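Shown next, in structure tokens, is the structure this report addresses.
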Amino acid sequence: MPLDLPSLIQQIAVFALPSIFAITFHEAAHGFVAHRLGDDTAWRMGRVTFNPLRHIDPVGTVAMPLFLLLVSGGRFTFGYAKPVPVNFRRLDKPRRDMVWVALAGPGTNVLLAIASSLLFYGVGFMSPSPADWVAANLVHSIQINAVLCVFNMLPLPPLDGGRVAVGLLPDSLALPLARLERYGMLILLLFLFVIPYVGEQTGHDFNILAWLIGAPTEALIRFVLAITGQGG
């Protein structure tokens with residue numbers, strides 16, 4: 001059932017800030033590590049910044065998530081930011097450093113999830129009205145950063161996990177995987193939307209990405225809560 005306008009505004013109010021922080025820090029981390037390892041492409045283009053306007057894609061970061069949030073009744077949304085440009089050939093040791101650049105984004109999301117969990121300790125010192133809003137933002141921050149980390153670590157180029165796999169696998173496996181990059185987004189869209197829709201229409205659960213992402217995301221959230229003393 002689609003959301004009414006007040007419900008949509010309420011959902012946006014507690015999703016927007018965590019999403020912007022998660023995406024901005026994720027993309028800036030890629031550019032920062034690439035710069036440290038020899039490639040200043042993102043640095044010269046002004047992408048090593050915490051200014052979200054430098055990373056937001058009008059369709060992928062704004063229009064698509066809002067549309068999906070509306071039509072799913074607040075149950076599902078998906079989006080993406082403008083990828084940070086990295087010239088892997090300019091890195092000091094391209095194959096090794098590609099792995100570090102790729103890991104920087106998901107690693108930053110884990111750190112943001114940990115920071116959000118720690119900030120919960122301050123919610124109890126706030127008055128009830130702002131405390132509820134802050135708590136909702138922090139909960140969503142943990143969830144969004146965990147999902148973003150796990151999703152991006154799927155071993156499919158151009159996702160970060162695909163670049164890590166290409167950097168670590170032997171050439172006999174890495175080269176065929178790298179050649180999938182041109183079809184990577186099409187494959188993702190197929191598994192995100194087309195196959196689940198077909199399953200829904202035929203009465204079957206074909207949401208394969210949910211199976212792949214769900215359990216690792218829950219495990220990561222439990223880990224974050226445990227190490228910050230929030231798991232009790």
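What you see below is based on every heavy atom in this structure, not just the backbone, and it leaves out hydrogens, waters and symmetry mates. Since the structure is predicted, the reported quantities are computational estimates derived from the model, not experimental observations.
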query = Are more than 12 heavy atoms from other residues, nucleotides or ligands located less than 6.0 Å from atom OH of Y121?
reply = yes

ask   = Is any side-chain N of the basic residue among R44 and D40 closer than 4.0 Å to the acidic one's carboxylate O?
value = yes

request  = Would you check if W100 and V164 make a side-chain contact, meaning some heavy-atom pair closer than 4.5 Å?
outcome  = no

query = What residues, two or more places apart in sequence or in another chain, satisfy ring pair (Phe, Tyr, Trp, His ring centres under 6.0 Å) together with H55?
reply = none

message = For a 4.5 angstrom cut-off between non-hydrogen side-chain atoms, does P94 reach R89?
response = no

task = Can you see which heavy atom on L190 is nearest to which on P196, and at what distance?
result = O-CD, 4.0 Å

Atom of A135, atom of V123 and distance for their closest heavy-atom approach = CB-CG1, 4.3 Å

request  = Name all pairs fulfilling the ring-ring contact (aromatic ring centres under 6.0 Å, His included) condition that reach into residues 152-179, sequence neighbours left out, sorted by first residue then second.
outcome  = none

request  = Could you tell me which non-hydrogen atom of E181 sits nearest to which non-hydrogen atom of P157, and how far apart they are?
outcome  = CB-CB, 3.7 Å

task = Start with the C-alpha gap between T41 and R90, add the side-chain angles, then the distance that decides, and say whether side chain to side chain contact (heavy atoms under 4.5 Å, CB included) holds.
result = CA-CA 9 Å; T41 304; R90 298 188 63 188; 4.0 Å; yes

request  = Give a yes or no answer on whether the side chain of S117 reaches the backbone of A113 with a donor-acceptor pair at less than 3.5 Å.
outcome  = no

message = If hydrophobic clusters are built by linking Ile, Leu, Val, Met, Phe, Trp and Tyr wherever their side-chain heavy atoms come under 4.5 Å apart, do I23 and L159 end up in the same one?
response = no

key: Non-hydrogen atoms of V33 and A104 that approach each other most closely   = CG2-CB, 3.5 Å

ask   = If you count the non-hydrogen atoms of other residues, nucleotides and ligands that lie under 6.0 Å from CZ in F88, is the total more than 12?
value = yes

query = R47 versus W43: any side-chain heavy-atom pair under 4.5 Å?
reply = no

query = Above 12 or not: heavy atoms from other molecules or residues under 6.0 Å from CE of M45?
reply = no

ask   = So, the side chain of R54 versus the backbone of T49: is there a donor-acceptor pair under 3.5 Å, distance only?
value = no

ask   = If we only count heavy atoms from C-beta on, is the V134 to F120 side-chain gap below 4.5 Å?
value = no

key: N/O donor-acceptor pair under 3.5 Å between H26 side chain and A22 backbone   = no

query = If you draw a 6.0 Å radius around CZ in F206, do more than 12 non-hydrogen atoms from other residues or ligands fall strictly inside?
reply = yes

ask   = Which pair of heavy atoms, one from G184 and one from P158, lies closest together, and at what distance?
value = CA-CD, 3.9 Å

message = So L103 and D160, do their side chains get closer than 4.5 Å, heavy atoms only?
response = no

ask   = Which residue, L188, V194, I187, L189, forms the side chain to side chain contact (heavy atoms under 4.5 Å, CB included) with F191?
value = I187

ask   = Which pair of non-hydrogen atoms, one from V48 and one from A28, has the smallest distance, and what is that distance?
value = CG1-O, 4.2 Å

inquiry  = Pair D205, W211 - check side chain to side chain contact (heavy atoms under 4.5 Å, CB included), show working.
reply    = CA-CA 10 Å; D205 184 6; W211 305 341; 3.4 Å; yes

request  = Could you give me the CA-CA distance, side-chain angles and deciding distance for R96 and L168, then say whether side chain to side chain contact (heavy atoms under 4.5 Å, CB included) is met?
outcome  = CA-CA 8 Å; R96 181 204 67 183; L168 296 179; over 6 Å; no

request  = Walk me through it: do R36 and D97 pass the test salt bridge (Lys or Arg N to Asp or Glu O under 4.0 Å)?
outcome  = CA-CA 10 Å; R36 298 288 293 179; D97 293 346; over 6 Å; no

Output side-chain donor-acceptor pairs under 3.5 Å for residues 143-156, partner residues at least two apart or in another chain, one line each.
{"unit_1": "N145", "atom_1": "OD1", "unit_2": "N109", "atom_2": "ND2", "d": "2.8"}
{"unit_1": "N145", "atom_1": "ND2", "unit_2": "S141", "atom_2": "O", "d": "2.8"}
{"unit_1": "N145", "atom_1": "ND2", "unit_2": "S141", "atom_2": "OG", "d": "3.3"}
{"unit_1": "N152", "atom_1": "ND2", "unit_2": "L148", "atom_2": "O", "d": "2.8"}

query = Backbone N or O of L225 within a donor-acceptor pair of the T228 side chain at under 3.5 Å?
reply = yes

message = Would the distance check show the side chain of H30 and the main-chain N or O of V101 forming a donor-acceptor pair, the cut-off being under 3.5 Å?
response = yes

